[in-house]
Amino acid sequence: MLLTNKHYTDEAIKIANKISHSVEERYAKWLATKKFVVDQSQVDTLLSLEGRYCEDVIFNEEDRITRNQRILLNCEQEKVKAKQQKLADKQKTLKNVIDSVASVAEKMMCQKLQDTDIDYLFGGLPDFSHFASIAYTPSLSFTKLNDMTALSHQLGSSIIDFVSAPQFSERFGKSNKVVSDPKIAIGQIGIDNCRLLFPVLMARQTLKWSDENTKLMAPKMWQHLIVTSNVTRMRLLETDVKEPDVGILLGTLRVLPTFLICNHFTQVFEDSLVYTMTKFREADKKEEYYACSEIAPNLAFIPSVIEKMEKVLVRKLVDYLDWDKSTNYIKQALYEDIEDAPVEHRSVYGAALGQARAYSIYDGLIRSNAFSEKHKPYWFAKVQMSGSVLRGTQSKSPGMLTLSML
């Protein structure tokens, strides 16, 4: 049974909602803080690129970078000529400047994520709509999967990279040889495993892994996607749905949009610093202007952006994708979750997704000793997930998705 079917008083529901909001805030801070890192014992190294950092997502910002670097260089040159300030005054000025830049950066980030087409923000979205329409039917074939890789060089590269990893040959007894053709790679994975893995492989290259400023945040976001996806699938396995693997796609689409906050951080922070610096110069605030050259990228405003924009971005993604009658239930489940519908009023897919996301947030925080135990009953009561289900899920190491491969 998916839900505990317990009935709670209005007061208990009110408390659970309040605590849930507190946990969500804590999780957003956990994602952005450099104090905590991902528990590597639960990371599926076949799927994660944390250890090697793939090439950057391309944002076509050559002109902007050149202009900003020129302004920053001019500031550095002028700073050398400036009179040195006393340490105390300098620290106070720095704090004021940091606060100003962070405030501008938050507004810029939210505005950009709100106003820009989501396909452009990603630099091109994988065709999740097409995958959804073909994957969860008996007619899924090697030909249809090959056609997808033919239309997406990025997807083909991800699949080749996956089967070429030494861990793949070690885990599945395949010969360790270089694969250069997506068709061969798909053949090695198999149709059922492609149904399982394609959504996360499609998502993997959309995350900007190599940015030094977010290199600790990106792996957390990736692990959140993997755990949410796999637990959604695990919960659906406990029901009578025909294709529980749809849980992987559900979890992927629910978490994927938050990658944009990570991907665009450095660009937005630099833009906000240059904007703030220019305003100080125009106002003849020399101390603040010179202090700008000492400001390093700071993730302090990111939790607020996550809180404000996460569901907005998911809705933008859901609205962007091309759903048909056969896949509308996936769209409905995603809406149910971002609208925070009571779990007992959701479809089975929406309920499974809600439980999976709650588990993933708990799993990330508890492994860093950042989850308050007194919140646990309320956190899981909201999604009607029992203690026995929680313990069973933990025992299956849901962060290791490839363990589910046939």
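Keep in mind that the numbers below use all heavy atoms, side chains included, and drop hydrogens, waters and symmetry copies. No experiment lies behind these values; they were computed from the predicted model shown.
Taking the ring axis of W209 as reference, the NZ or CZ atom of K215 does not stay both within 45° of it and closer than 6.0 Å to the ring centre.
Of the N and O atoms on the side chains of W379 and S20, not one donor lies less than 3.5 Å from an acceptor on the other residue. Defined by atom type and a distance below 3.5 Å, a donor-acceptor pair is missing between the side-chain atoms of N230 and Y359. For the residue pair Q223/E50, the side-chain donor-acceptor check at 3.5 Å is not satisfied. The closest side-chain donor-acceptor pair between D324 and T327 falls under 3.5 angstrom.
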Please report, to 0.1 Å, the donor-acceptor pairs under 3.5 Å made by any side chain of residues 146-155, with sequence neighbours excluded.
| unit_1 | atom_1 | unit_2 | atom_2 | d |
| --- | --- | --- | --- | --- |
| N146 | ND2 | F142 | O | 3.1 |
| T149 | OG1 | N146 | O | 2.7 |
| S152 | OG | L155 | N | 3.1 |
| H153 | NE2 | S157 | OG | 3.4 |

**Stepwise side chain to side chain contact (heavy atoms under 4.5 Å, CB included) test for I261 and L31** = CA-CA 11 Å; I261 297 172; L31 284 172; over 6 Å; no

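Remark: of the listed residues L273, L94, I98, L273 is the sole one forming a side-chain contact (heavy atoms from CB on, under 4.5 Å) with C292.
Judged as a salt bridge (Lys or Arg N to Asp or Glu O under 4.0 Å), the pairs with a partner in residues 299-314 (not counting sequence neighbours) are, in order, E106-K308, R254-E310, E310-R357. Among pairs with a residue in residues 124-137, those fulfilling side-chain hydrogen bond (donor to acceptor under 3.5 Å, both in side chains) read T137-S139, at least two apart in sequence or across chains. Applying the salt bridge (Lys or Arg N to Asp or Glu O under 4.0 Å) definition to pairs two or more places apart or across chains, those involving residues 38-47 are D39-R367, D44-R171. Judged as a side-chain hydrogen bond (donor to acceptor under 3.5 Å, both in side chains), the pairs with a partner in residues 388-401 (not counting sequence neighbours) are, in order, S386-S388.
Checking side-chain atoms of D119 against main-chain N and O of L125 turns up a donor-acceptor pair under 3.5 Å.
Qualifying side chain to side chain donor-acceptor pair (under 3.5 Å) partners for Y362, counting only residues two or more places apart in sequence or in other chains: K376. Remark: D240 engages no residue in a side-chain contact (heavy atoms from CB on, under 4.5 Å) (not counting sequence neighbours). Not counting sequence neighbours, the partners of D99 by the side chain to side chain donor-acceptor pair (under 3.5 Å) test are K95. For T278, the side-chain contact (heavy atoms from CB on, under 4.5 Å) partners two or more places apart in sequence, or in a different chain, are V274, R281, E282. Applying the side chain to side chain donor-acceptor pair (under 3.5 Å) rule to S347 yields the partners E336; only residues at least two apart in sequence or on another chain are considered. P377 pairs by the side-chain contact (heavy atoms from CB on, under 4.5 Å) definition with nothing, not counting sequence neighbours. For T45, the side-chain contact (heavy atoms from CB on, under 4.5 Å) partners two or more places apart in sequence, or in a different chain, are Q167.
Within 6.0 Å of atom NZ in K144, more than 12 heavy atoms from other residues, nucleotides or ligands are found, so the atom counts as buried in its surroundings.
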